[in-house]
*Asks:* 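Could you have a look at this structure, given as structure tokens, before my questions?
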Amino acid sequence: MSYPLHADEIQLNQNGQLRHFLTVEGLSKALLEEILDTADSFIEVGARSIKKVPLLRGKTVINLFFEPSTRTRTTFELAAQRLSADVLNLNISTSATSKGESLSDMLQNLEAMASDMFVVRHAQSGAPHFIAKSVCPGVAIINAGDGRHAHPTQAMLDMLTIRQHKGRVEGMVVAIVGDILHSRVARSQIRALLTLGAAEVRVIAPQTLLPFEPEALGVSVFHNMQAGLRDADVVIMLRLQKERMEGALLPSESEYFKLYGLDDQKLAYAKPDAIVMHPGPINRGVEIASEVADGPQSVILNQVTNGIAIRMAVMSMAMSGQIASAQNRS
Amino acid sequence: MSYPLHADEIQLNQNGQLRHFLTVEGLSKALLEEILDTADSFIEVGARSIKKVPLLRGKTVINLFFEPSTRTRTTFELAAQRLSADVLNLNISTSATSKGESLSDMLQNLEAMASDMFVVRHAQSGAPHFIAKSVCPGVAIINAGDGRHAHPTQAMLDMLTIRQHKGRVEGMVVAIVGDILHSRVARSQIRALLTLGAAEVRVIAPQTLLPFEPEALGVSVFHNMQAGLRDADVVIMLRLQKERMEGALLPSESEYFKLYGLDDQKLAYAKPDAIVMHPGPINRGVEIASEVADGPQSVILNQVTNGIAIRMAVMSMAMSGQIASAQNRS
Amino acid sequence: MSYPLHADEIQLNQNGQLRHFLTVEGLSKALLEEILDTADSFIEVGARSIKKVPLLRGKTVINLFFEPSTRTRTTFELAAQRLSADVLNLNISTSATSKGESLSDMLQNLEAMASDMFVVRHAQSGAPHFIAKSVCPGVAIINAGDGRHAHPTQAMLDMLTIRQHKGRVEGMVVAIVGDILHSRVARSQIRALLTLGAAEVRVIAPQTLLPFEPEALGVSVFHNMQAGLRDADVVIMLRLQKERMEGALLPSESEYFKLYGLDDQKLAYAKPDAIVMHPGPINRGVEIASEVADGPQSVILNQVTNGIAIRMAVMSMAMSGQIASAQNRS
């Protein structure tokens, strides 16, 4: 099965409001900034004594994880709870659905239960688009990571973190370091950074961890940290999947760390006030040294906090957009 | 261990109100209609912007699934959430309880936690009755499927669907097709249909998938679709458990589909406005063709929507009945 | 890794209020009585029609179970729900955390999600202390059982049960029977009983199930039921882990029952109005006869009911203490 990989107009309703959140691609700078502004208001909610707003009260949110992920599922569950939604977690092994019931049948059943939103993680690129377009157009679909394609809430929480610490994304020089080839996170980050007007997006990686013709993504390519990090405002480290090592794409952990691992010495190539980000979970001593992860330039835990706020933002915005669409139809 | 299979008077309190929902058997037409009327009012709740009523607020509902079932468990969980109950899911492998602790001890412990309702699915026929009668009489027990015995909420959602689409159950000719022998769904449907005054209930199945002396159930028996579907108002297809094929009860999937699978051609034997139902999940091309499942006479997804409303109805009614019983005792 | 085993001053804020609940050790008689009094007020909540108070509304409680436990997890989840908290269950196999991410990194991530409370069960003694002291001091940590060290909520629910049935703990003669050596429950019970002024705490066990120098715990030691139970007001039976038998620490189940199992005959050695307690789940016919477990002196199910109230008490008290600490800091 091959799914469409572009969200086209599916994500927006006829008033241009978000009604699904599938990818950063195709969304305007204004809309991305609206997401960031909305998230800003939810950061304040997280700091309140009662961390709850009634925006999704009486709505049913189903976490549909076809790929296991405690971490991302947890942040979406907390975000939904703080929006006062009713949340249901379904961890579905793909084998199980293929055996008994088709994916479409299962999803239409869930839709018939008067579900309002599916948060979908799937190993196959484009699965959330397929659901939004062909299966359940009346349910707001939030992409929580699909194949190697996109992880748009991760990208947006990164943008929020940059804006928080640097005042803006516009004009920033951002270096993304590591396994660009296999990373849905990187793909979404690059798109969001370019849309928001970053001055330059650089990728730093060995040839084996870069896609074919990486320049087509709109980035500059570096194979060495000293050149790539020079004058960077933001350094984003990617998690190194250890199985890449076995797949002979990489020499060894220690060799990788020597060349691409971020320690204080390499971080000094960047601007003195550069911030260091990582989507987590971090491999200490593989792609990042503890001195950096726990150091004053690290904003890794802020990213986690911002992740809840971004998820609350896209969930509440997509729900509003769906409701507006339904009212237009009727 | 053998459990009692008749609910007798256990289901009702001394005012004749439901306080457990174990089986359709023994319940009056008036009570079944009260369940349907109550469910009707909850269908409206499912269509609201805030799908929540406070009827079970501050009550603890425990989903006790001794047999795995994502689908039924999900509908009960959503129903409980929309009634504002606190819900706890316990998936208990029977082996685990037999090892450490007796079933009775475990249940009495859960009761001592001030639980108000257990939704019980168990592979053993009569387990929910046993719990209601002997273990936790003060907890409302809802049968979510026990062995080959009963699946009463499924039967009632089917009745609701018939009433919705045909105006009434009374006077209808209903054909149930497939594995009657192993189906708790069929057993409960037949009972509910007869109580509500269906003109005729037919079962259509090969001899090997019928119980001994099926006529004792009050149904007419057919071994062929053309005769069995003639003038039917409602056609209920049952899911074919694929393991029956291996058990040599059936020749092959394609052979079964040829004889008993519902396609447009066979559906034409029924009345032109006949509706097609299926408890799900459907096996496309085994017991039902996609042209029928997705066709204009199919009400399969309506059944799913109605399932939430029926579960909300029996849960709220049984809770009221329990509260009234407790007040009578004190 | 070895963790510190004493909670010292970590458990209390500078006003002497509870802000973590890690162990009974080091807590004053007045504070333990405050816990019992608070729990008393929550017992009334459990009997209400709407079993809910808004004390933890908008707070995020994460059940972090590194050791599986349906029973204890369930009581904490119900307690949190009745305090109106948002609850998230994470069952974490220790292997998984060691593989990908350090325990500290995982916990700091959860903290960064604006979590308010972790309920922690861990196979390693001292893990909850480590988390409270070194990892997440701003999150209220509740110990739900750590290694052989402590199970303080179990001990406190036992104290509540004694006070309920005997009017007070002070002056009571309490016998604890069974596997003292491996029991975190016994360790916490002994501490709580002594702090609350029990006249005598006795342990009754074969030599192989006693720690080295048991008298150091402040208890009197008996190897025989007749002497140990004489004039006891309270008899606490411990669960016998069946694997002890295989480990050659014990002869056989029937031999153990003959010597240390509580039946009516042995119970007669205690005071006529002695109560019988057990933390559950019980092994009928191993450490306790059914005639006793189900008999008039058994308060085993009351313990379960009290368990919810105690957990509500320490959760709400620790949350208040944390909030007060945070206000002092700012």
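So that the names make sense, note that chain A is the first sequence line, chain B the second, and so on, each numbered from 1. Quantities reported herein were computed from a predicted structural model and do not represent experimental measurements.
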*Asks:* Could you pull out the closest heavy-atom pair between R148(C) and S125(C), with the gap in Å?
*Replies:*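 Where R148(C) meets S125(C) most closely, the heavy atoms are N-OG, 3.2 Å.
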*Asks:* So for L301(A), is it side chain, backbone, both, or neither that comes closer than 4.5 Å to the heavy atoms of chain C?
*Replies:*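 Answer is both: backbone and side chain atoms of L301(A) are under 4.5 Å from chain C.
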*Asks:* Test of understanding: with salt bridge (Lys or Arg N to Asp or Glu O under 4.0 Å), list the residues that count as partners of K29(C), not counting sequence neighbours.
*Replies:*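 So K29(C) forms a salt bridge (Lys or Arg N to Asp or Glu O under 4.0 Å) with E170(C).
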*Asks:* What pair of heavy atoms forms the shortest contact from L181(A) to R187(A), and how long is it?
*Replies:*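 So the minimum-distance heavy-atom pair works out to O-NH2, 2.9 Å.
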*Asks:* Does T72(A) form a side-chain hydrogen bond (donor to acceptor under 3.5 Å, both in side chains) with R121(A)? I'd like the steps, not just the answer.
*Replies:* CA-CA 9 Å; T72(A) 302; R121(A) 168 163 289 197; 3.3 Å; yes
*Asks:* Side chains of M117(C) and M319(C), heavy atoms from C-beta outward: is any pair under 4.5 Å?
*Replies:*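 Heavy-atom side-chain distance check passes, below 4.5 Å.
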*Asks:* Of the backbone (N, CA, C, O) and the side chain (C-beta and beyond), which part of L90(C) lies under 4.5 Å from a heavy atom of chain A, both, or neither?
*Replies:*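 Only the side chain of L90(C) comes within 4.5 Å of chain A.
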*Asks:* Between E77(C) and N89(C), does any side-chain donor sit less than 3.5 Å from a side-chain acceptor?
*Replies:*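 Per modelled atom types, E77(C) and N89(C) side chains form a pair under 3.5 Å.
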*Asks:* For chain C, which residues from residues 44-57 of chain A lie under 4.5 Å away (heavy-atom distances)?
*Replies:*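 Contacts with chain C: G46(A), S49(A), I50(A), K51(A), K52(A).
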*Asks:* Got a donor-acceptor contact below 3.5 angstrom from the Q81(A) side chain to the D86(C) backbone?
*Replies:*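 A pair under 3.5 Å: no.
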*Asks:* Counting only heavy atoms closer than 4.5 Å, note whether D105(C) contacts chain A via side chain, backbone, both or neither.
*Replies:*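 Looking at D105(C), just its side chain touches chain A.
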